[in-house]
Amino acid sequence: MNRAIKPNDRKWNLNITGKISLMAEALNNEETIGNYAKSRTIVGMDGELRNVISGASLRHNYQLHLKSQFSPDELCGTCRLFDPMKNGALSGEIKGLSASGNRTHHCPVCDIMGFMNPDKTNSQKRSSPLLMADAISDTDGTRQAFTRNRVDTHPEKEDSTMMIWQEEVRTSTYNFAAQLDLSRLFFDDENLKYTTNDVDKIAERAGKAIRAYIQAFLDITGAKMAAHMPHLIGIEGVVTEITDGSQVATKYSALNEDYIAVHQAVENYAPEFQSAAEFQHVMAEFLDEAYLKEMAARNLRYLNQL
């Protein structure tokens with residue numbers, strides 16, 4: 001670590017802005033019209049039609065990798081089954097924590113992905129520490145319709161039916177942005193305190209959240225993977241670490257050619273990467289065990305002295 005970490009603060013964000021090139025993918029279908037599956041698109045400010053992978057689809061991809069970081073007995077009942085409701089039974093209740101704080105403490109997927117469980121007597125709500133923008137293609141994104149078919153047999157009628165449909169497969173360089181607020185892990189939003197004083201537990205969960213962060217871009221997954229697992233052609237970008245409230249952060253998009261230079265000019269620490277290997281190398285710095293424990297301990301000290 002080659003920069004000073006402010007001791008009296010608890011802000012701790014890791015933001016990634018960049019470009020990812022994918023070939024032959026069908027990750028985000030928007031709707032089906034007759035026998036045609038249409039992919040998600042958006043009209044840009046220049047009037048050009050661009051391919052899109054929604055932030056919701058990217059979050060789903062991240063959650064798959066996040067879940068794999070934990071054993072089933074560490075998750076609530078619904079997260080164990082990958083149910084989006086996130087209101088499964090918990091292993092116990094800690095007095096002094098809110099209902100949402102207890103869920104945050106006991107289930108790391110609920111903690112990082114957020115939830116909303118309306119209830120007449122005791123509603124639970126948590127905004128997600130993970131934010132992901134829609135990934136929007138450069139103007140050279142392409143889409144191509146492929147015809148597919150399947151034969152359905154009907155033994156009782158001694159005949160069969162040919163089912164024919166079309167689906168879009170795309171090749172694009174996508175501009176993406178993601179923010180992970182590590183300061184909110186194990187945090188009870190209602191009582192404004194951490195649900196544990198165990199530095200090792202907080203550091204371990206933060207490390208697993210970061211590992212899933214890496215996998216979410218290097219091992220991207222989604223719909224139609226069996227037939228259209230995308231080729232990862234390249235990835236580049238900048239990682240921004242924000243560790244105190246006085247630092248300036250920006251959401252300056254990778255749609256701008258100078259986005260890396262702007263992030264590095266505005267923010268205190270913003271290492272760049274130009275390949276998958278460099279991305280892994282840059283992110284490995286934030287997985288250093290001493291760093292994770294230092295940040296967890298700092299945040300606990302700061303909040304406990306208020």
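These numbers come from the heavy atoms of this one structure, side chains and all, not from hydrogens, waters or symmetry mates.
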Only pairs at least two apart or in different chains count here, so list each ring-ring contact (aromatic ring centres under 6.0 Å, His included) that has a residue in residues 211-232.
F176-F217
Let me see the working for I136 and I42 under side chain to side chain contact (heavy atoms under 4.5 Å, CB included), right down to the final yes or no.
CA-CA 8 Å; I136 303 173; I42 191 173; 4.2 Å; yes
Where do C107 and L75 come nearest, in terms of heavy atoms and distance?
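That closest heavy-atom pairing would be SG-CA, 4.0 Å.
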Taking all non-hydrogen atoms of both residues into account, name the closest pair between M113 and R59 and its distance.
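Smallest interatomic distance, heavy atoms only, reads O-NH2, 2.8 Å.
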Between I260 and Q274, does a side chain to side chain contact (heavy atoms under 4.5 Å, CB included) hold up when you go through it step by step?
CA-CA 11 Å; I260 290 179; Q274 297 294 330; 3.8 Å; yes
Nearest heavy-atom contact between V52 and T41 is CG2-C, 4.0 Å
Give a yes-or-no answer on whether the side chains of Q69 and R211 include a donor-acceptor pair shorter than 3.5 Å.
no
Given the rule that I, L, V, M, F, W and Y join up when any side-chain heavy atoms are under 4.5 Å apart, are L64 and L180 in one cluster?
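They do not share one cluster, since no chain of ILVMFWY contacts under 4.5 Å joins L64 to L180.
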Over all atoms of both residues, closest heavy-atom pair of G101 and T195:
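Here G101 and T195 meet closest at O-CG2, 3.6 Å.
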Quick one: does any side-chain atom of N191 pair with a main-chain N or O of G96 as donor and acceptor, under 3.5 Å?
yes
In terms of hydrophobic clusters joined by side-chain contacts under 4.5 Å, are Y291 and F279 together?
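Y291 and F279: one cluster.
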Would you say that F70 contacts R80 through its side chain, given a criterion of any heavy-atom pair below 4.5 Å between the two side chains?
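Not in contact.
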Would you give the length of the straight line joining atom CE of M45 to atom CG of L255, rounded to the nearest 0.5 angstrom?
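That separation rounds to 10.0 Å.
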In the structure I gave you, are the side-chain heavy atoms of F186 and D198 within less than 4.5 Å of one another anywhere?
no
Where is the tightest heavy-atom contact between R184 and S127, given as atom of each residue plus distance?
NH2-O, 2.9 Å
Cluster question for you: counting only ILVMFWY and a side-chain heavy-atom cut-off of under 4.5 Å, with indirect links fine, are W12 and V238 together?
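No, because W12 and V238 fall into different hydrophobic clusters, even though each may have its own neighbours under 4.5 Å.
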Flag the pair V43 / L49 as yes when at least one side-chain heavy-atom distance between them is below 4.5 Å, and no otherwise.
yes
Hydrophobic cluster membership, L185 vs L90, 4.5 Å side-chain cutoff
no
Between the main-chain N or O of E48 and the side-chain N or O of D46, is there a donor-acceptor pair closer than 3.5 Å?
yes
Would you say L292 and M295 are hydrophobically clustered, going by side-chain heavy atoms of ILVMFWY under 4.5 Å?
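Same hydrophobic cluster.
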Take R298 and E294 through the test salt bridge (charged side-chain N to carboxylate O under 4.0 Å, His left out) and record every step on the way to the result.
CA-CA 6 Å; R298 182 203 71 151; E294 175 192 355; over 6 Å; no
Nearest 0.5 Å please: distance from the OG1 atom of T142 over to the CD atom of E168.
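If we round to the nearest 0.5 Å, T142:OG1 and E168:CD are 10.5 Å apart.
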Whether over 12 other heavy atoms sit under 6.0 Å from M225 CE:
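It does: M225 CE has more than 12 such atoms within range.
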For Q166, is the CD atom crowded, meaning more than 12 foreign heavy atoms sit under 6.0 Å from it?
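Counting neighbours around CD of Q166, more than 12 heavy atoms of other residues, nucleotides or ligands fall under 6.0 Å, so yes.
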Would you check if Y62 and I112 make a side-chain contact, meaning some heavy-atom pair closer than 4.5 Å?
yes
Looking at NE2 of H105 and CZ of R205, how far apart are the two atoms once the value is rounded to the nearest 0.5 Å?
7.5 Å
Heavy-atom side-chain proximity of F273 to M283 below 4.5 angstrom:
no
Give every donor-acceptor pair under 3.5 Å between a side-chain atom in residues 299-306 and any protein atom, sequence neighbours left out.
| residue | atom | partner | partner atom | Å |
| --- | --- | --- | --- | --- |
| N299 | ND2 | R10 | O | 3.2 |
| N304 | ND2 | N197 | OD1 | 3.4 |
| N304 | ND2 | L300 | O | 3.2 |

Would you say V262 and N256 make side-chain contact, with heavy atoms under 4.5 Å?
no
I would like to know whether S98 and D188 meet side chain to side chain donor-acceptor pair (under 3.5 Å); could you show each step before the answer?
CA-CA 7 Å; S98 67; D188 186 335; 2.8 Å; yes
I'd like to know whether NZ of K6 has more than 12 heavy-atom contacts from other residues, nucleotides or ligands below 6.0 angstrom.
yes
Can you confirm whether the side chains of S137 and R170 place a donor and an acceptor under 3.5 Å from each other?
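No, no side-chain donor-acceptor pair sits under 3.5 Å.
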Results of side chain to side chain contact (heavy atoms under 4.5 Å, CB included) for T240 - residues two or more places apart only:
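Residues passing side chain to side chain contact (heavy atoms under 4.5 Å, CB included) with T240: N15, I242, H263, E267, A270.
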Can S54 and N28 be counted as having a side-chain donor-acceptor contact under 3.5 angstrom?
yes
Under the criterion side chain to side chain contact (heavy atoms under 4.5 Å, CB included), I'd like the reasoning laid out for L27 against L22: C-alpha separation, chi angles, the key distance, then a yes or no.
CA-CA 10 Å; L27 291 169; L22 302 172; 3.9 Å; yes
Would you say that L97 contacts K193 through its side chain, given a criterion of any heavy-atom pair below 4.5 Å between the two side chains?
yes
I'd like to know if the side chain of N61 reaches the main chain of A216, judged simply by a donor and an acceptor atom lying under 3.5 Å from each other, with no hydrogens or angles considered.
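Answer holds: yes.
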Heavy-atom count around K67 NZ within 6.0 Å, excluding the residue itself: above 12?
yes
Y174 and its side-chain hydrogen bond (donor to acceptor under 3.5 Å, both in side chains) partner, picked from E25, K19, R50
E25
Walk me through whether K125 and D189 qualify under salt bridge (charged side-chain N to carboxylate O under 4.0 Å, His left out).
CA-CA 9 Å; K125 178 182 177 182; D189 291 326; over 6 Å; no
Roughly how far, to the nearest 0.5 Å, is CG of L66 from NZ of K208?
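Interatomic distance, K208 NZ to L66 CG, rounded to 0.5 Å: 9.5 Å.
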With D111 as reference, evaluate K201, R126, R103 under the salt bridge (charged side-chain N to carboxylate O under 4.0 Å, His left out) test and give the passing residue.
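Among K201, R126, R103, the one meeting salt bridge (charged side-chain N to carboxylate O under 4.0 Å, His left out) with D111 is R126.
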When every non-hydrogen atom of P271 is compared with those of V282, the smallest separation belongs to CG-CG1, 3.7 Å
Without swapping roles, check the side chain of D181 against the backbone of N13 for a donor-acceptor pair under 3.5 Å.
no
With a 4.5 Å limit on heavy-atom distance, are the side chains of I220 and L58 in contact?
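With C-beta onward as the side chain, the pair touches.
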Supply the atom-to-atom distance D9 CG to Q247 CD, rounded to the nearest 0.5 angstrom.
8.5 Å
Pairwise distance NE2(H281) to OG(S275) - rounded to 0.5 angstrom:
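The OG atom of S275 is 10.5 Å from NE2 of H281, to the nearest 0.5 Å.
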